[in-house]
**Q** 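I'd like to ask some things about the structure below.
Worth saying up front: this structure is predicted, and the values here are computed from it rather than measured.
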Amino acid sequence: MTGRMSLPQRIRRLSALFLALAVVGVVVPDSAVRPAELTLVKVNRAERTDAPDMIWILAVGSDARPGQSMLRTHGDALQLIGLNTRTHAATAIGIPRDSWVSIHGVGMAKINESLVQGGPHLMARSVSELVGIKPDYVMVTRFKFFERMVDSIGGIDVRNPRRFADPYLNVKGFDSGRIHLNGYSAMAFSRIRKSLPAGDFDRSANQQRTLRGIHAKIRANADKPGFIERGVTSVLRNMRTDLGPAELFRLAQVVAQVDSGKITNCVVPGGVGWVGEASVVFPSVATARRYGRDARTDAVISRC
Amino acid sequence: MPSLARLRIVFVLFTTVVALLLLGPGRLGDRMIDGVPRLAERAVLTGVQPEGSVLAGPIVARGALGGELGTERRDEVTAEIAEVVDAWLYSTYLPADPAQRDATAGLTQRLARDLRHDGARDQSVLRAPTLTDPAAEIRKRKVSVDLLATRGAARAATARVRLVLAPSGTTRTVGVRGRLFLVIKNGHWRIFGYDLAKGDR
């Protein structure tokens, strides 16, 4: 039935609108309704008595499309990053996203299903059960934010071991050797899998090269007045987190202090196969656990 | 009716109690930072601040700001942080007797513990040559403070320091420069990390 609304109807509709806006304003920090493009969640609040100097961050690249919840879609990139706050060493353990594992409460599935089924906490648990290290934080980011972040620091430089291309993400391809990547290129470099000889394993290694490039840029700029302070301010504007600004600042300084010469990284190896119609990776749990044992207290993996 | 003498005693006791409550151990403790006298106290203790002496304060400068903070409050916080940083510089590099040097003033408990117990860590940057003259010439002592502020309050800071010392009897100078990282813990600014370099000139 069409027709003009009566005054009481108009009042009811406006009231409902104001109520909805008020609820959103209460739930979303700092009142501005902003899309969650970066989320940092603290998942481990217990002190690491066996390794008090270590911080572990699970970095997850979400393949969430516009309109999708970043915390309930598949994680496309999984890197467990360890930081030693005293020696300034760091390590990254790459986990192929198609790793076939047992997910608590779900059963056997690809490890990146954990984010869909249980958000950052279940994602952290699944990685912890594979590697033997429980992350302190889980950071989830969308591709678009990642691209903008890389562009905001002027792009990054990486060492590419082999030339490769992709018909969808980069037709012209990436040259081998030292190359410069802008935001989109860094995203493509980290996502391309099919044209790489070892597929998901090589992709994970490229993600680690990207992380190194980002870190190198941060470290090169960290001593500029206000670089970290303004960076944290910018991140706070785009981030949903349960961390306070001081804790974020400390984390940022820990990252910036990492010594590039003390970074070691490995990718959990395994075999590839099929489970039904799904192409999966069967990870070497023994190797994953070895990496975890090796790096647990000092962020150093002696050999991959 | 109470005598005048008793009233006087009561009055004195009353004002003493009020004064102690207002000053309190916290306020008395504010004259020191982890056992290092604040700048004002150093002047009081010795009475003299000749130019270039260890008792002269650093040049303090505003640095960069992330977020928003009013000018007056920004200057207050900058001065508070400069005090903490200068106490650390003073206790780390300036005492003539190395046994009196203590690089833990103003640090978080964790960093202080690490410095005391970690023999494997390279701490050469924290060792200064012996200064036989406690009033050795300070050629430069500058602290500038970058702040991170949210919701009108300072949350964290980077103090950029520059210290140049000239031991007496030599033309050589020793320089220390770099950054100290601070957050507020229990209402006090504390250093939780640093990135410093030291060099002879």
Side-chain angles (χ1 to χ4, degrees), chain A residues 29-32 47-49 51-55 83-89 152 215 218-262 297-300, chain B residues 61-69 74 77-78 81 108-115 117-123 142-162 177-197:
Chain A
D30 293 340
S31 74
E47 192 182 341
R48 292 182 184 276
T49 52
D53 302 317
M54 290 296 301
I55 296 174
L83 305 165
N84 189 320
T85 61
R86 289 176 75 186
T87 66
H88 307 305
S152 73
H215 168 260
I218 291 173
R219 182 154 172 90
N221 287 281
D223 63 351
K224 290 183 181 169
F227 179 80
I228 298 292
E229 287 77 7
R230 292 190 178 121
V232 172
T233 304
S234 173
V235 162
L236 281 170
R237 276 198 288 270
N238 291 285
M239 174 188 276
R240 287 201 179 166
T241 182
D242 52 358
L243 277 64
E247 191 169 1
L248 280 172
F249 180 83
R250 290 179 79 134
L251 266 181
Q253 292 290 8
V254 168
V255 170
Q257 290 295 296
V258 167
D259 184 339
S260 302
K262 293 183 179 180
T297 59
D298 60 3
V300 177
Chain B
R62 262 191 230 158
L65 175 65
E68 293 180 4
L69 193 64
R74 184 177 175 183
V77 173
T78 297
I81 290 170
T108 57
Q109 284 185 355
R110 165 165 283 184
L111 187 57
R113 183 194 65 210
D114 289 348
L115 281 178
H117 296 119
D118 188 2
R121 188 181 190 183
D122 178 16
Q123 296 184 39
K142 183 176 178 183
V143 179
S144 60
V145 179
D146 303 330
L147 291 174
L148 168 66
T150 61
R151 292 198 288 270
R155 310 289 180 182
T158 302
R160 287 175 284 124
V161 301
R162 182 97 169 88
R177 70 187 308 162
R179 294 166 292 147
L180 301 170
F181 313 123
L182 301 99
V183 288
I184 283 196
K185 284 184 80 81
N186 302 321
H188 298 282
W189 286 98
R190 289 281 157 181
I191 300 165
F192 69 86
Y194 55 81
D195 183 7
L196 299 171

**Q** At what distance, to the nearest 0.5 angstrom, does OG1 of Thr233(A) lie from CG of Leu147(B)?
**A**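 The distance works out to 10.5 Å.
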**Q** Of the non-hydrogen atoms in Arg179(B) and Ala222(A), which two are nearest, and what is the gap between them?
**A**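 Looks like NH1-O, 3.0 Å.
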**Q** More than 12 heavy atoms of other residues, nucleotides or ligands under 6.0 Å from NZ of Lys142(B): is that the case?
**A**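 No - once you tally the heavy atoms of other residues, nucleotides and ligands closer than 6.0 Å, there are 12 at most.
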**Q** Please state whether the side chain, the backbone, both or neither of Leu182(B) comes within less than 4.5 Å of a heavy atom of chain A.
**A**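 Interface part for Leu182(B): backbone (N, CA, C, O).
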**Q** What's the spacing between Thr158(B) OG1 and Phe227(A) CZ if we round to 0.5 Å?
**A**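 Separation between the atoms: 11.5 Å.
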**Q** Pick from Ala156(B), Ala149(B), Gly63(B): which one has the most heavy-atom pairs with chain A under 4.5 Å?
**A**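 Most heavy-atom pairs under 4.5 Å with chain A: Ala156(B).
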**Q** Do you know the tightest heavy-atom contact between Gly226(A) and Ala64(B)?
**A**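 Minimum heavy-atom separation between Gly226(A) and Ala64(B): CA-CB, 3.5 Å.
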**Q** State the OH-CD distance between Tyr194(B) and Gln253(A), to the nearest 0.5 angstrom.
**A**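 Taking OH in Tyr194(B) and CD in Gln253(A), the distance rounds to 14.5 Å.
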**Q** Under the 6.0 Å and 45° cation-pi test, does Arg250(A) pair with Phe192(B)?
**A**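 Arg250(A) over Phe192(B) ring: yes.
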**Q** Does atom CZ (Arg177(B)) have a neighbourhood of more than 12 heavy atoms from anything else shown, all under 6.0 Å?
**A**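 Incorrect, the count does not exceed 12.
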**Q** Measuring from Leu148(B):CG to Arg230(A):CZ, what's the distance to the nearest 0.5 Å?
**A**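 Reported value, rounded in 0.5 Å steps: 11.5 Å.
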**Q** Tell me, side chain or backbone of Thr150(B) under 4.5 Å from chain A's heavy atoms, or both, or neither?
**A**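 Contact with chain A involves the side chain of Thr150(B) alone.
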**Q** Taking all non-hydrogen atoms of both residues, which atom of Glu229(A) and which atom of Ala157(B) are closest, and how far apart?
**A**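 Scanning both residues, the minimum pair turns out to be OE2-C, 3.9 Å.
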